[in-house]
Amino acid sequence: MTITVTFPDGAQRQFPQNITGKDIAGGISPSLLKRTVAMAINGEVRDLADPISSDAKIEFLNREDPRSLELIRHDCAHVLAEAVQELWPGTQVTIGPVIENGFYYDFARETPFTPEDFPAIEKKMREIIARDAAFTKEEWSRDQAKDFFRAKGEAFKVELVDAIPPDQTLKMYKQGQWIDLCRGPHMTSVGKVGTAFKLMKVAGAYWRGDSNNPMLTRIYGTAFAKQEELDAYLHQLEEAEKRDHRRLGREMDLFHFQDEGPGTVFWHSKGWTMFQQLISYMRRRLRRDYEEVNAPQILDKSLWETSGHWGWYQENMFAVKSAYAFMNPQDPEADQKVFALKPMNCPGHVQLFKHGLKSYRDLPIRMAEFGVVHRYEASGALHGLMRVRGFTQDDAHIFCTEEQLEAECLKINDLMLSVYRDFGFDSLVVKLSTRPEKRVGSDEAWDRAEDIMTRVLAKIERESGGKIRTGINPGEGAFYGPKFEYTLRDAIGRDWQCGTTQVDFNLPERFGAFYIGADGEKKQPVMVHRAICGSMERFLGILIENYGGHFPLWLAPEQIVVCPITSEADAYAEEVVEACFAAGLRARADLRNEKISYKVREHSLAKVPVIFAVGKREAEEKTVTIRRLGSQAQETKSLVDALAALETEAIPPDQRR
RNA sequence: GCUGUUGUAGCUCAGUGGUAGAGCACUCCCUUGGUAAGGGAGAGGUCGAGAGUUCAAUCCUCUCCAACAGCACCA
């Protein structure tokens, strides 16, 4: 029995069935065998020692092949586990997968690791890699594996064996004396991991990602084929850190946080200017199709009981009473009424919809609010502007008929993409989140909503011309309905959900909202929740990182600083500032008794986009000498021309069209 | 919320069981200097909060608060 093997160059050869990749490579040349770390059979990466059972295309992968990177990292995770068990016998191993920029391994150990342990672990890892033991695979029975792990005291591994689906074989990989349950594949030997690896950080992580389970200690690491690639990656991390919005927020004097207000922002004048620019921009984008409203910040608990939030969202809500009632909870004379600080705008908007009788002719009603909401977020979840407890949503609710729903979802999508494009985000991820376990509403309602949204999602992907990736997040929907999530990526590679479109068949029913149909009958509207920036705070955080503080002129809090060279030009500098304001530009004079080079340095570090230097010459000729952020060039122009050019440059993107 | 780390001047950080230091920033004086730090003087801190151990705590112990890195949760 022979099989036909096709090589990448198209050549075909016959081999006996179940020949291994290793034998084929070795048969071609010893040097090929030496540099090959794994193979791809019909595009699927496999152990080189795997037998080939039928006709197939084969590719031999060397270390530098992009597909080998995962193997290097995965093998490195095994090396990490072996090193840890050699150094600290009795430490239990669990899982060690490859992740986006490296790998991790979770261990169960009484005393968690600290970064001080890293040098010792890395040294041991180098020893293990230098030993260059071969990876060999064995198939074991479940009982054999469980007995083995039980004898070693590896309770977590026993659990893992039980979790493997019955139709899958159980593979054990051996590297020298060390052996681990693993799906594979692996490279031919441990030495192929190389030396371009680094342990990055330690952290706690729940066993199997469930907060009810014990906390394990996780070691993160990364590995590359070459040292230069590792160095480049580490450098990139440093660069990303410089863009961190928390750092830039401090350096550029945009906002701060303090202990008394965890998760709530103190906006400084400059940050607030940007915030207002962003709101103004969004407001202009809504002018055509939406009506803007404003609903109360606190509403009686009973309203939240009706909406379902009190039941389903309580742990994330703030409740308020009068301070007297709070301090004297037993006093029958006190007003003990409980209000909730709104965590969402929707119940308020339903009240606005219900006020006055609505006709089918009024639909769709698109109701927008820059609504300030408060949510009690877990303390560990807070993260600068990205995750806060009080934030402003660019929220809107659309009340429409079921027939209008699809068109409305698409209209929202158009606006979303247009807004993101204005800020330079044109590749993004849209995901449909489906029904969670904890939910309200009938299964029929969920079926209908998910059905329509699945169609819309397909359309979004089709019409994006490949720029938008879509997917499904099963079980990730809100408790009241399925949703689309639009995700942008920050400078440090974290993904943040910004936009969201959520269909809600539930809230109108709970509040008894209706409109009068063409037939004169009461009909229940469909409600769509949608936000584009999501949280204005988060969106600004993402913009800060995306631009690295070098904002386009229209967003920059301080657009121009006018710096006199000597105090002789002070009066002219003030005149220039006035002219800037008359041109609608945000400007300030820096009249301090400092040298021009000192001022240039300071305002450059503060990332002011434009510096006007004015001396005796400029004052006499009514000119300004312009220096732009990021350039050392100087250009002298008449004040009138300079302002005209900047005025044009400072037009927001939506007003250029 | 969980695990770990951290908390000293506006910022970045030293430091010690006997009640604190540097650089930058700040104030004042000198300097009027043409594009990334001119010189001098001065002011500024209940050492995150509370309790305990001690003759004595910023330092040791405990509790709490906050931040950071993950996890879990989420806009």
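Within every chain, numbering begins at 1; the chains are lettered A, B, ... in the order of the sequence lines, protein sequences first and strands thereafter.
Contacts of A:Arg628 with the nucleic acid, taken as non-hydrogen atoms under 4.0 Å apart, are absent. Base contact: A:Glu618 has a heavy atom under 4.0 Å from a base atom. At a threshold of 4.0 angstrom between heavy atoms, the contacts of A:Gly209 are confined to the sugar-phosphate backbone, with no base atom among them. At a threshold of 4.0 angstrom between heavy atoms, the contacts of A:Ser535 include nucleobase atoms, whether or not backbone atoms are also involved. Within 4.0 Å (heavy atoms only), A:Lys483 reaches sugar-phosphate atoms of the nucleic acid but no base atom. Among the heavy atoms of the strands, none lies under 4.0 Å from A:Phe539. Here A:Phe612 lies out of heavy-atom contact (under 4.0 Å) with every strand. The residue A:Cys563 sits apart from the nucleic acid: no heavy atom pair falls under 4.0 Å. Among the atoms of the strands shown, base atoms are found under 4.0 Å from some heavy atom of A:Gln634. Using a 4.0 Å heavy-atom cutoff across all strands shown, A:Val388 reaches at least one base atom of the nucleic acid. In this structure, A:Thr625 reaches the bases: a heavy-atom distance under 4.0 Å links it to at least one base atom across the strands shown. Looking at heavy-atom distances under 4.0 Å, A:Ala531 makes no contact with the nucleic acid at all. Across all strands, A:Ser597 comes closer than 4.0 Å only to sugar-phosphate atoms, never to a base (heavy-atom distances).
Evaluation of the side-chain contact (heavy atoms from CB on, under 4.5 Å) rule for A:Lys616 yields A:Glu568, A:Glu620 as partners, not counting sequence neighbours.
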Annotated structure of RNA chain B as dot-bracket, pair cut-off 3.5 Å, Watson-Crick or G-U only, | for inter-strand, is (((((((..((((....[..)))).(((((.......))))).....(((((..]....))))))))))))....
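For a distance-only test at 3.5 Å, the side chain of A:Arg627 qualifies as a donor-acceptor partner of the base of B:A36. Side-chain atoms of A:Gln258 and base atoms of B:A67 include no donor and acceptor less than 3.5 Å apart. With hydrogens and angles ignored, no donor-acceptor pair under 3.5 angstrom links the side chain of A:Tyr206 to the base of B:G70. With hydrogens and angles ignored, a donor-acceptor pair closer than 3.5 Å exists between the side chain of A:Arg387 and the base of B:C74. One donor-acceptor pair, N or O on each side, does fall under 3.5 Å between the base of B:U32 and the side chain of A:Ser567.
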| A:Leu646 vs A:Leu553, side-chain contact (heavy atoms from CB on, under 4.5 Å): CA-CA, chis, key distance, verdict | CA-CA 8 Å; A:Leu646 290 173; A:Leu553 204 56; 3.8 Å; yes
**OP:** Could you walk me through whether A:Asp394 and A:Phe370 pass side-chain contact (heavy atoms from CB on, under 4.5 Å), step by step?
**Re:** CA-CA 5 Å; A:Asp394 61 327; A:Phe370 294 95; 3.9 Å; yes
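A:Asp253 has its CG atom 16 Å from the P atom of B:A25, to the nearest Å. Distance A:Arg250 CZ to B:U12 P: 4 Å, rounded to the nearest Å. Distance CZ (A:Arg109) to P (B:G4): 12 Å, rounded to an integer number of Å. A:Phe266 has its CZ atom 13 Å from the C1' atom of B:A66, to the nearest Å. Look at CZ on A:Phe257: it is 8 Å from P on B:C68, rounded to the nearest Å. As a whole-Å value, the separation of A:Leu591 CG from B:G33 P is 17 Å. In this structure, A:Glu602 places its CD atom 8 Å from P of B:A25, rounding to the nearest Å.
The shortest distance between side-chain heavy atoms of A:Val610 and A:Ile626 falls below 4.5 Å. Using a 4.5 Å cut-off on side-chain heavy atoms (C-beta onward), A:Cys563 and A:His603 make contact.
Ring to ring, A:Trp312 and A:Tyr480 are not that close: their centroids are 6.0 angstrom or more apart. In this structure, the ring of A:Phe113 has its center no less than 6.0 angstrom from the ring center of A:Phe118.
No more than 12 heavy-atom neighbours from other residues, nucleotides or ligands sit within 6.0 angstrom of CZ on A:Arg469.
Toward the 5' end of RNA chain B, the nearer of the two residues A:Leu605 and A:Pro564, judged by each one's closest nucleotide, is A:Pro564.
Residue ring and base: A:Phe391 counts as stacked with B:A75 (centre distance below 5.5 Å, interplanar angle below 30°).
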